[in-house]
Each structure stands twice: as structure tokens, then as C-alpha cells.
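These notes are about the structure you will find just below.
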Protein chains: 2
Amino acid sequence: MLRLSGNDGERADAARNRRLLLEAAVRIVELHGPEKLTMDEVARHAGVGKGTLFRRFGNKTGLIQALLDQSGRDFQAAFMSGPPPLGPGAAPGERLKAFGEASIRRCEFQGHLLRAAQEGPEALGHPTQRLSRQHLGLLLREAGTTGDVELAAYQLAAYLNAGVLVHLTEERRMPQERLIAGWNELVKRFLPR
Amino acid sequence: MLRLSGNDGERADAARNRRLLLEAAVRIVELHGPEKLTMDEVARHAGVGKGTLFRRFGNKTGLIQALLDQSGRDFQAAFMSGPPPLGPGAAPGERLKAFGEASIRRCEFQGHLLRAAQEGPEALGHPTQRLSRQHLGLLLREAGTTGDVELAAYQLAAYLNAGVLVHLTEERRMPQERLIAGWNELVKRFLPR
DNA sequence: AATAAAAGTGGACCACGGTCCGGTTATAGT
DNA sequence: ACTATAACCGGACCGTGGTCCACTTTTATT
């Protein structure tokens, strides 16, 4: 029987192409902005067929998530096991504030990509989003919030949606500080007094 | 100089085609569901060219908004000038609760269309959504909520987003009553105690 | 009734996301 | 080295949303 020897169950040529594709995508975004990121162009710049691109990343959302993967992992690691106030060690209320602030700041540079990755009917079911809500729910419970905590997590997460945040900053021209202050107010409303 | 005589600045043939197109769209949605609502099919069933369809409604979102227009106008009229508790006359807190409940119930039958109409980067800037947020902000102010009321309206509206609501009901299988109770809890958090 | 301009019309055309499948290549076992 | 097979590859192809523009129809004016 045949077995794979690549470290991730991925053949060497496939791994090479994944690298080429990601590099091409990064170059396109840096040079021409996220709106020019089309699947055809990525494949073309990588010198690879379109089928390969879709086999590697599933769809455009998957490609964008791969692009965001590094900073996404960093972010997850930070709030799951990093230093306070984002990570464990601080009071849950402080961690909630830090979580929102970090999310909002992340939108400054990656807002458009994040929005693209978060739109579509299935986005809310994606593991990354689930993890965020789970984390929010956990902190709320730790903080002693009563009632339907699961829904409360959805309510908090809804405000941190990249589509909302980008609209607020670009269309409504609200500075980050205001969005962060708004988040802190919101969090305070959820904490028991 | 030429002038239009149609009541809405629309030529007779154009009005006829608008009617045909809307009827075709309604038929398609009723018969085969919203996912089968393609612009080509609508034009074909209406016996009209695609260019005409796009001239009338701008884009697919515009067509869907036109489909939702009737119930949307009813809803707006209800909370702007209808009977309490949705309309003026009731306490602002009660009106807020009624607003959310009505929004959530509307999603039961029109969720998928509403979601389609609300996705995309420009949806948050659409007049309908602006009006909703304005209304929420007004009620919050009337209720004596302090702080950044404008952002608070965004925070409330974010939970009533059709994408969120549909996900909650269909993916997470939450009953409407729970979503409504969650809304009431949320509203309570925004009211001064 | 004739006229001219504004408004409307339709379908060819385009870009993009996504699928499919016959041919190719890397890999494990011999 | 040879072979079998799973994984990979590329690009032709499709559906959909949206644009474009030469042609037709309505309408106010005369």
C-alpha cells in the first residue's frame, strides 16, 4: 500500500505549489490591493493551473484564510495562552476589553481581507469564528455574566465583525479609539455590577 | 422640451416591464426558492432582455430590495407611526423590544432574501438600514441611555442582521423565542437602571 | 400627422468563481 | 530499477452577475 512521507501528508510538488500560490497572492494584494485578488490572476502569477489553486485552497475564502492564517494563529495564541491582559492571568473583564481592542486594531491593515473571509452564509460556522465566540462566552461566564451567555457571545462578536468595523472606519470615518471605547462600553454592559 | 407624464417619471412600457419582472421574480422564489433566483431566469420568465432588468433594478440586490419593498414599507410604517408597542405611544424600552421581536419574526419567512439584500460592503449604508439604526438610536436616547448612542445603535443592529439570525435559526437550530429573549436581555443591558 | 429627443430595450459580451476530467508525476513497495 | 497507484496538474468549460451599445418606442411639441 502507498503512504505519504511528506510531513503534512502533502506531496513535495504540492507543497511547492502551495508556496508559489501564497507568494503570488501576497504579491498581488501588496501591489494592487485586495480587490484585484482574482483566482485567475493568482494562478497565472504562480505559473500554475487554476485547478491546482482550487485543489489547494478549496475556494477564494479558503485562500484568503490561508493568507490570514499566520496573523490569525498569532492572535489565537495570544488570547488563548499569551501574556495578559489578552491572555490568561488578567481579570475576565480586562481580557474582554483587550480582545476587542486587538480585533479592532487588526482591522486597520487587514480589514478588507478579513471582511472577504467573513462574508458568505457559512462564515459564521467557520472554526475561527466559532473559537472566538467560544472564547468570548468563556470570559463572560468567568466574569459572572448571567442569562443566555451563548447568545451574548454572538451579540458581542457581531460588533467585531469586519464588515461592520470597516464600514464604521471607512464610510463613517470613525477613529479606532472611538470604536474601542464603544467596545469597552458594550463589554461593561455585559458585566454584572 | 420633453417631459414625462407617467406618475412616477416612468414610461408606460417601462412600468409594464417592471411589473412583469417583479411577478416573474416572485414566481421563481415561490416555486423554487431564493437560491434559484438568477437574473437570467428572471429576465427569461418575464420575456424581457437582461439589460432591461438591470436598468430597472440596478443589480440583484436592488431587485431583492424591490421584492422586499412592500413588507419593508409596512414594517417602517409600523414602527414609525403605527400602533404601540411598535409605534409611538409605548415606553421606549417596550418599543425597542417590539422592534427586535418584529425583526426576528420577519426573518422566519424572508430570512434568505433579507440576508441576500444585506450582504455586500455597501449594505450597511443603504437607506433602509440607516433608518433602522436611526430609529434604534432615537429610542435609546428617549430611554435615557448615555454614552455613544450612535455606536450603541450599530451594536444592537448587528445582532438583528439577517445573516446572524438565519445562522442562529438554521445552523444552530435556536427557536425564535430564544432569539427574542436574547434580544430582550440585550436591550435591558442598554437601558439605564 | 410629423418630428425629435429622451427613455427604454435586448442580447452579445465580459470577468470572475468554481467544476471536471484526461493526462502526468511522485511515492512506497518489490 | 520497475511498477502500481494515489495524488496532483492544467486548462477547457460552465453559470452567474453585470456592462455596453446600436436599435426601437414612447411622448411632448408643433
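Proteins get letters first, then strands, A, B, ... in listed order; numbering begins at 1 in each.
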Any idea how A:F99 and A:F79 line up, ring-wise: parallel (<30°), tilted (30 to 60°), or perpendicular (>60°)?
perpendicular

What is the distance from [atom1] of [X] to [atom2] of [N], rounded to the nearest Å?
| X | N | atom1 | atom2 | answer |
| --- | --- | --- | --- | --- |
| A:N17 | C:dT24 | CG | P | 17 Å |
| B:L20 | C:dT9 | CG | P | 10 Å |
| B:D40 | D:dG18 | CG | P | 11 Å |
| B:K50 | D:dC21 | NZ | P | 16 Å |
| B:L37 | D:dG15 | CG | C1' | 15 Å |
| B:L21 | C:dG8 | CG | P | 13 Å |
| B:R55 | D:dG18 | CZ | C1' | 14 Å |
| B:R16 | D:dT27 | CZ | P | 11 Å |

If you go through the side-chain atoms of A:R11, does one of them form a donor-acceptor pair with the base of C:dT25 closer than 3.5 Å?
yes

At less than 3.5 Å, do the side-chain atoms of B:K60 and the base atoms of D:dG18 form a donor-acceptor pair?
no

Proximal nucleotide (of [options]) relative to the [X] side chain:
| X | options | result |
| --- | --- | --- |
| A:R56 | D:dC9, C:dG17, C:dT25 | D:dC9 |
| A:A12 | C:dT27, D:dG18, D:dC9 | C:dT27 |
| A:M39 | D:dT16, C:dG17, D:dG18 | C:dG17 |

Would you say B:W183 and A:Q155 make side-chain contact, with heavy atoms under 4.5 Å?
no

Verify side chain to side chain donor-acceptor pair (under 3.5 Å) between A:H126 and A:Q65, making sure each step is shown before the conclusion.
CA-CA 10 Å; A:H126 191 270; A:Q65 274 157 358; 3.2 Å; yes

Return yes if a side-chain donor-acceptor contact under 3.5 Å exists between A:Q176 and A:T169, otherwise no.
no

If you measure only the distance, is there a donor-acceptor pair under 3.5 Å linking the side chains of B:H135 and B:Q76?
no

Sugar-phosphate, base or nothing in reach of B:L63, heavy atoms under 4.0 Å:
nothing

Which part of the nucleic acid, if any, lies within reach of A:A43 when heavy atoms closer than 4.0 Å are counted: base, sugar-phosphate only, or nothing?
nothing

Determine: side-chain N/O of B:T52 to OP1/OP2 of C:dG8, distance under 4.0 Å, yes or no.
no

Mapping B:D13 and B:F54 onto DNA chain D by nearest heavy atom, which one lands closer to the 5' end?
B:F54

